[in-house]
There are 2 protein chains.
Amino acid sequence: MSKAKLLFDLILYVNTKRIFTAQDVAHEFGISVRTAHRYLAELGDMGVPIYTEPGRGGGYRVLNNRMLPPIMFDEEEAFAVFFAFQALKYYQSLPFDIHIGSVFAKLYAGLAHDMKRKVDRLDSVLTFWNQKRSVASPYLKEIIEAAIAHELLSIEYVSKSGNTVRKVAPVGIYAYDGFWYMPAFDELYGQIRLFRTDRIVWMERTQQTFTQQMPLSDWLDRYTAQTPKKPVRIYVELTREGLRQCRSQPWLEPHIVMVHPEQGYVETVIDQEDWDYVSDYFFQLGTAAKVIEPREMVDRIRKQAQELIHHYASDGT
Amino acid sequence: MSKAKLLFDLILYVNTKRIFTAQDVAHEFGISVRTAHRYLAELGDMGVPIYTEPGRGGGYRVLNNRMLPPIMFDEEEAFAVFFAFQALKYYQSLPFDIHIGSVFAKLYAGLAHDMKRKVDRLDSVLTFWNQKRSVASPYLKEIIEAAIAHELLSIEYVSKSGNTVRKVAPVGIYAYDGFWYMPAFDELYGQIRLFRTDRIVWMERTQQTFTQQMPLSDWLDRYTAQTPKKPVRIYVELTREGLRQCRSQPWLEPHIVMVHPEQGYVETVIDQEDWDYVSDYFFQLGTAAKVIEPREMVDRIRKQAQELIHHYASDGT
DNA sequence: TATAACATGACAGTTATTGACATGTTTTAA
DNA sequence: TTAAAACATGTCAATAACTGTCATGTTATA
């Protein structure tokens with residue numbers, strides 16, 4: 001085995017084992033103990049954070065920020081990472097911001113000149129835009145790590161009624177509309193509650209772990225799904241313009257049928273709960289859409305239109 | 001210079017030069033031509049995509065997907081990249097999706113077992129949540145690259161009035177509320193217009209370049225700052241519900257005046273260009289809003305309502 | 001057909017790596 | 001206090017890898 005390959009494998013070995021002796025390495029890779037020492041010293045020079053404990057019961061130890069073996073990326077891959085980082089620019093608070101910076105620096109340094117210019121320009125042609133929020137959330141990284149490790153957290157939370165200290169089991173965190181939210185099981189209330197992370201003023205990781213209740217996605221689904229209880233069939237004719245508009249509605253788009261470029265229809269089933277929203281949507285489309293079913297929706301739209309005329313007529317003169 | 005260091009530098013060298021001979025390398029690094037050949041062969045084995053052209057005028061060539069020299073990341077840095085990728089999960093259409101996949105694979109492969117589990121779990125505790133859109137935008141990558149290269153694009157665009165083919169100079173692209181938008185200078189109109197990339201049905205990169213007009217950020221600033229060219233004053237009374245609705249419109253929110261919890265108004269200046277959009281918005285608010293000024297908007301809303309009644313009446317029986 | 005490039009092989013000199021052995025140092029358990 | 005188990009470092013000879021020179025092909029082009 002070539003030396004390079006061996007060093008490569010050695011990185012993996014030390015990362016997995018964490019604690020080991022030079023004899024272990026010598027035996028594992030079929031080299032002499034002297035060489036094992038030499039190689040491990042070399043890893044140290046390469047930046048792998050190993051330290052040693054001399055004496056009986058000693059050996060090599062790896063610090064927790066372990067190194068990955070060297071990886072070669074091509075420019076496209078590097079560019080993809082820059083692209084992804086761009087998506088994070090908008091967030092005021094970010095976990096791992098330092099690491100993002102160092103990854104950026106390492107990748108950027110390896111680029112050829114022309115490619116560097118390209119990356120510089122990326123900044124000026126690509127934005128992930130949202131309303132900027134200026135509220136800081138310092139505990140994001142800790143929350144993520146606690147959630148991953150299924151670890152209980154003690155938090156002090158600012159709520160309407162004042163600050164409270166609670167012990168919670170985080171389900172996860174999500175970003176929405178510029179804020180970070182943490183759904184977490186609250187021991188006090190015996191149920192999962194939603195916390196805004198910027199309202200957490202103090203936090204401590206306990207050593208206690210909990211058994212996972214549910215993944216974040218399940219919680220979000222349950223939180224948003226609202227279980228369609230009463231299905232309602234709708235049938236709506238669409239003009240060209242109606243087609244164009246409806247295609248940007250994710251809940252309609254899959255059910256659009258285009259008869260020909262100038263005409264089409266939507267036939268789908270909605271939930272009773274969304275009735276008003278759907279009705280308002282087709283109302284707002286005006287003559288670009290024509291609701292055929294349900295009849296009640298037609299009535300409602302007609303009634304709304306009449307109200308509107310009345311509303312503005314009474315205004316008159 | 002050590003061999004490793006030399007190979008490292010050689011990668012940079014070949015990436016920058018793109019075309020060169022073994023003599024060039026030998027001279028540049030002070031090695032023999034024979035060794036230059038040997039090293040270059042070694043780079044090939046390492047995965048750097050070089051090929052050769054024998055014969056007079058020949059030499060070594062690098063394919064465009066150039067390689068970066070090997071980089072060592074630590075786990076935290078790798079995790080930061082996974083985190084960034086998580087932010088992109090929500091987008092239906094992504095440029096560089098293949099590359100994101102391959103970066104993920106390369107980094108993931110280098111992780112120790114326990115860390116792999118941690119990354120697997122990241123998915124279940126972290127979400128960047130927005131309303132999902134299912135509309136596909138296949139041309140994102142090309143737009144970005146054209147914008148970076150200041151290259152003119154021919155596009156076929158679906159607009160209200162039908163499909164049109166235009167030649168445009170893209171300023172950049174940005175993601176907003178689940179859609180991708182491309183502001184671009186439109187030769188036809190002699191000004192910068194906004195395109196939704198999912199409505200581009202065909203695209204071709206021309207070879208022509210243009211001189212950059214402005215960076216995307218400037219454009220966004222100007223766009224959001226709303227320097228109306230033809231200002232139109234609007235005055236709209238709002239009910240409680242109207243207040244609630246308007247408050248979630250970023251362009252209205254700053255100009256809302258609440259008289260008391262049940263009543264308020266909006267008074268602001270909009271641009272002539274947005275007239276239709278604004279009118280439609282208040283139409284859709286129904287009786288929750290009452291446009292007082294401009295009178296023409298009142299007329300238009302009334303007319304729309306009448307049309308709607310007619311639209312659904314003719315349907316009748 | 002000469003030239004300028006890559007391609008490959010052989011060989012000897014040079015350099016780097018390796019293993020064996022020796023000698024310290026530090027810590028812990030007996 | 002001592003022995004054992006670990007790292008730490010040095011020396012040296014054997015071996016392996018690398019390098020440069022020379023030689024011989026091959027390929028494309030002026």
Side-chain angles (χ1 to χ4, degrees), chain A residues 1-67 69-70 72, chain B residues 1-67 69-70 72:
Chain A
M1 185 145 48
S2 81
K3 185 184 167 186
K5 169 90 179 111
L6 211 152
L7 281 173
F8 191 97
D9 291 348
L10 187 55
I11 292 174
L12 283 178
Y13 178 85
V14 302
N15 279 346
T16 329
K17 295 278 282 189
R18 311 294 300 276
I19 297 177
F20 55 91
T21 68
Q23 343 282 329
D24 295 340
V25 174
H27 185 258
E28 176 75 22
F29 292 95
I31 54 177
S32 71
V33 179
R34 182 68 184 87
T35 305
H37 274 119
R38 281 201 267 247
Y39 278 13
L40 288 164
E42 210 158 320
L43 282 200
D45 291 344
M46 284 167 65
V48 180
I50 46 180
Y51 72 103
T52 54
E53 299 242 321
R56 186 186 189 125
Y60 288 83
R61 309 286 149 90
V62 193
L63 293 175
N64 41 359
N65 56 335
R66 296 170 285 170
M67 294 309 244
M72 282 183 80
Chain B
M1 182 143 55
S2 81
K3 184 185 167 186
K5 170 89 178 115
L6 210 152
L7 280 173
F8 193 95
D9 291 348
L10 188 55
I11 292 174
L12 286 179
Y13 178 85
V14 300
N15 279 346
T16 330
K17 295 277 283 188
R18 310 294 300 275
I19 296 176
F20 55 90
T21 68
Q23 343 281 328
D24 296 340
V25 174
H27 185 258
E28 177 75 21
F29 292 95
I31 55 176
S32 71
V33 178
R34 180 70 185 86
T35 305
H37 274 120
R38 282 199 267 247
Y39 279 12
L40 288 164
E42 211 159 318
L43 281 200
D45 291 343
M46 283 169 67
V48 180
I50 46 180
Y51 72 102
T52 54
E53 299 242 318
R56 186 185 188 125
Y60 287 82
R61 310 286 149 90
V62 193
L63 294 176
N64 40 1
N65 55 333
R66 295 172 284 171
M67 294 309 238
M72 280 183 80

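Numbered from 1 within each chain, the chains take letters A, B, ... in sequence-line order. Fair warning: this is a prediction, and the values are worked out from it, not measured in the lab.
One interatomic measurement links the two molecules: NE2 of A/His37 to C1' of D/dA6, which rounds to 8 Å at whole-angstrom precision. Look at CZ on B/Arg38: it is 11 Å from P on C/dG9, rounded to the nearest Å. Taking atom CD of residue B/Gln23 and atom P of nucleotide C/dT3, one finds them 15 Å apart after rounding to whole Å. Whole-Å rounding puts the A/Tyr39 OH to D/dA8 C1' distance at 18 Å. Counting to the nearest Å, the C1' atom of C/dA5 and the CZ atom of B/Arg61 are 10 Å from each other. In this structure, the CZ atom of B/Phe29 is 13 Å from the P atom of D/dT19, given to the nearest Å.
Only at 4.0 angstrom or more do the heavy atoms of residues 7-22 of chain A sit from any atom of DNA chain C, so none qualifies. If you check residues 40-52 of chain B against DNA chain C, the residues with a heavy atom closer than 4.0 Å are B/Thr52, listed by number.
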Under a 4.0 Å heavy-atom criterion, the protein footprint on nucleotides 21-30 of chain C, written with B, S and -, is B----BBB--
**OP:** Before giving the answer on side-chain contact (heavy atoms from CB on, under 4.5 Å), spell out for B/Asn64 and B/Arg18 the whole-Å C-alpha distance, their side-chain angles and the decisive distance to 0.1 Å.
**Re:** CA-CA 8 Å; B/Asn64 40 1; B/Arg18 310 294 300 275; 3.9 Å; yes
key: side-chain contact (heavy atoms from CB on, under 4.5 Å) assessment of B/Val25 paired with B/Tyr60   = CA-CA 10 Å; B/Val25 174; B/Tyr60 287 82; over 6 Å; no
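Nearest heavy atoms, B/Pro69 versus A/Met72: C-CG, 4.5 Å. Looking at every heavy atom in both residues, B/Ala22 comes nearest to B/Ala36 through O-CB, 3.6 Å. The heavy-atom pair separating B/Pro70 from A/Pro70 by the smallest distance is CB-CB, 3.8 Å. Here the closest heavy-atom approach between residue B/Lys17 and residue B/Phe20 is recorded as CB-CD2, 4.2 Å. Nearest heavy atom pair, residue A/Arg66 against residue A/Asn15, reads NH1-O, 2.7 Å. When all heavy atoms are compared, the tightest approach of B/Gly47 to B/Met67 is O-CE, 3.6 Å.
For C/dA16, neither phosphate oxygen OP1 nor OP2 lies less than 4.0 angstrom from any side-chain nitrogen or oxygen of B/Lys3. The phosphate of D/dG20 (OP1 or OP2) has a side-chain N or O of B/Thr35 nearer than 4.0 angstrom. Applying the 4.0 Å criterion to OP1 and OP2 of D/dA8, one finds that A/Tyr60 has a side-chain N or O inside that range.
Note that the two end axes of the helix from C/dT1-D/dA30 to C/dA30-D/dT1 enclose an angle of 20°, each drawn from 5 base pairs, rounded to 10 degrees.
Applying the salt bridge (charged side-chain N to carboxylate O under 4.0 Å, His left out) rule to A/Asp9 yields the partners A/Lys5; only residues at least two apart in sequence or on another chain are considered. A/Glu42 pairs by the side chain to side chain donor-acceptor pair (under 3.5 Å) definition with A/Lys3, not counting sequence neighbours.
Taking 4.5 Å as the limit, every side-chain heavy atom of A/Phe29 sits out of range of all side-chain heavy atoms of A/Tyr39. Between B/Val14 and B/Leu10 there is a side-chain heavy-atom pair separated by less than 4.5 Å.
With rounding to the nearest 0.5 angstrom, the CG atom of A/Leu6 is 5.5 Å from the CD1 atom of A/Ile31. In this structure, CZ on B/Arg61 lies 9.5 Å from OG1 on B/Thr52, to the nearest 0.5 angstrom.
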